[in-house]
Amino acid sequence: MTKKIAIYGKGGIGKSTTVANVAAAYSNLNKQIMVIGCDPKADTTRTLCGRRLPTILDTIKEIKNPKVEDVLFNGFNGVKCVESGGPEPGVGCAGRGVIVAMKLLEKLNLIDDNLDLIFYDVLGDVVCGGFAVPLREDYADEVCIVTSGEYMSLYAANNISKGVKKLKGNLAGIICNCKGISNEIAIVESFAQKIGTKVIGIIPRDETVQMSEIEAKTVVEKFPESKMAQKYLNLAKKLVSNNSYSIPNPMDDEDFENFFLSFKI
Ligand code: ADP
Ligand code: MG
């Protein structure tokens with residue numbers, strides 16, 4: 001059985017960093033992993049491959065019938081990496097990029113049962129069609145939301161959970177990617193409980209992330225013995241072994257404001 005997880009969260013919250021590092025950590029257990037970047041930013045796989053990959057949308061503009069090697073690239077430890085790409089800024093819908101990419105991956109028989117884990121690194125912008133595609137089209141079986149304890153990040157997480165509820169998605173849990181604010185874990189734990197889910201992993205803020213990112217590497221590759229590498233491995237194991245899900249019960253705006261006020265420092 002292939003575990004197919006879509007990762008959502010506010011822009012800049014650490015989705016791509018988390019996906020790349022969890023994939024790298026899990027690959028050390030000799031697992032077959034595919035990472036599909038579904039964000040027009042197309043930077044999910046950079047630290048796995050050591051460079052920015054050409055996107056499927058760009059490639060099909062140049063090559064009419066792309067082959068496997070035109071769209072699928074081997075990253076760290078053989079992690080399979082794909083970037084869907086997206087429209088030029090200001091025109092079109094990110095959802096189209098994801099659909100085109102997925103149809104091509106299917107046509108090339110790349111979504112096979114030998115994969116242990118597929119990650120879709122999606123964007124957190126609920127108003128965009130790109131948001132819905134992995135769930136609506138049944139490419140992903142479950143959702144994880146990345147958030148910190150900051151207001152805007154939790155606001156986005158709550159909005160995302162509204163989208164997940166509407167699409168009747170399975171919410172596996174919340175990944176707390178810490179920003180280092182006070183009370184952070186308590187806030188995120190409480191948020192998770194409020195919307196009817198759980199915190200599935202806690203990743204501290206750590207400068208090894210930046211030090212690795214500069215060299216286009218994951219922490220797992222650059223600092224394999226570090227505490228952070230261990231955290232990412234633990235998260236990988238947690239995500240893969242998890243089999244409890246919920247349809248989220250998001251807060252309305254007033255509840256959300258009150259929830260946040262209860263943590264006033
Ligand atoms: P997203 O994919 O959600 O837009 P990114 O993964 O690109 O976000 O993360 C944004 C920035 O935050 C990255 O440049 C990365 O350096 C930093 N970052 C993410 N997670 C951590 C962390 N746990 N510790 C330190 N920096 C982090
Ligand atoms: Mg990203």
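First listed ligand is number 1; within each ligand, the first listed atom is number 1.
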Ser16 near the Mg ion (ligand 2) via N/O/S, less than 2.8 Å:
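Yes, within the cut-off.
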Using heavy atoms and a threshold below 4.0 Å, how should the contact between [X] and ligand 1 be classified: side chain, backbone, both, or neither?
X      : value
Arg205 : both
Thr17  : both
Asp39  : neither
Lys15  : both

Considering residues, nucleotides and ligands other than [X], do more than 12 of their heavy atoms fall under 6.0 Å from its [atom1]?
X      : atom1 : answer
Lys231 : NZ    : no
Glu257 : CD    : yes
Glu254 : CD    : no

Looking only at protein heavy atoms, identify the closest one to [atom] and say how far it is in Å.
atom                    : answer
atom 18 (N) of ligand 1 : Val209 CG1, 3.9 Å
atom 17 (C) of ligand 1 : Gln210 NE2, 3.5 Å
atom 25 (C) of ligand 1 : Asp206 O, 3.2 Å
atom 20 (N) of ligand 1 : Asn177 ND2, 3.0 Å

Between [X] and [Y], does at least one N-O distance fall below 4.0 Å, as a salt bridge requires?
X      : Y      : value
Glu189 : Lys198 : no
Arg46  : Asp43  : no
Glu215 : Lys222 : yes

Give, for atom [atom1] of [X] and atom [atom2] of [Y], the distance between the pair rounded to the nearest 0.5 Å.
X      : Y      : atom1 : atom2 : result
Ile5   : Cys144 : CD1   : SG    : 6.0 Å
Ile203 : Ser148 : CD1   : OG    : 13.5 Å
Ile195 : Phe259 : CD1   : CZ    : 9.5 Å
Leu72  : Thr45  : CG    : OG1   : 10.5 Å

Looking at ligand 1, does Lys41 have a heavy atom less than 4.0 Å from it?
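Lys41: in contact with ligand 1 (<4.0 Å).
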Does ligand 1 have an atom under 4.0 Å from some heavy atom of Gly9?
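So Gly9 does not count as touching ligand 1.
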With heavy atoms of [X] as the reference, note each atom of ligand 1 found under 4.0 Å away.
X      : answer
Gly14  : 1 (P), 3 (O), 5 (P), 6 (O), 8 (O), 9 (O), 19 (C)
Glu213 : 13 (C), 14 (O), 15 (C), 16 (O)
Lys10  : 3 (O)

[X] to ligand 1: N or O pair under 3.5 Å?
X      : answer
Gly11  : no
Pro204 : yes
Gly12  : yes
Asp43  : no
Cys178 : no
Ser16  : yes

Hey, are the side chains of Ile247 and Leu171 touching, using non-hydrogen atoms and a 4.5 Å cut-off?
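No, their side chains stay 4.5 Å or more apart.
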Quick one: closest heavy-atom pair of Gly149 and Glu184, and the distance?
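Smallest heavy-atom distance, with atoms named: N-OE2, 2.8 Å.
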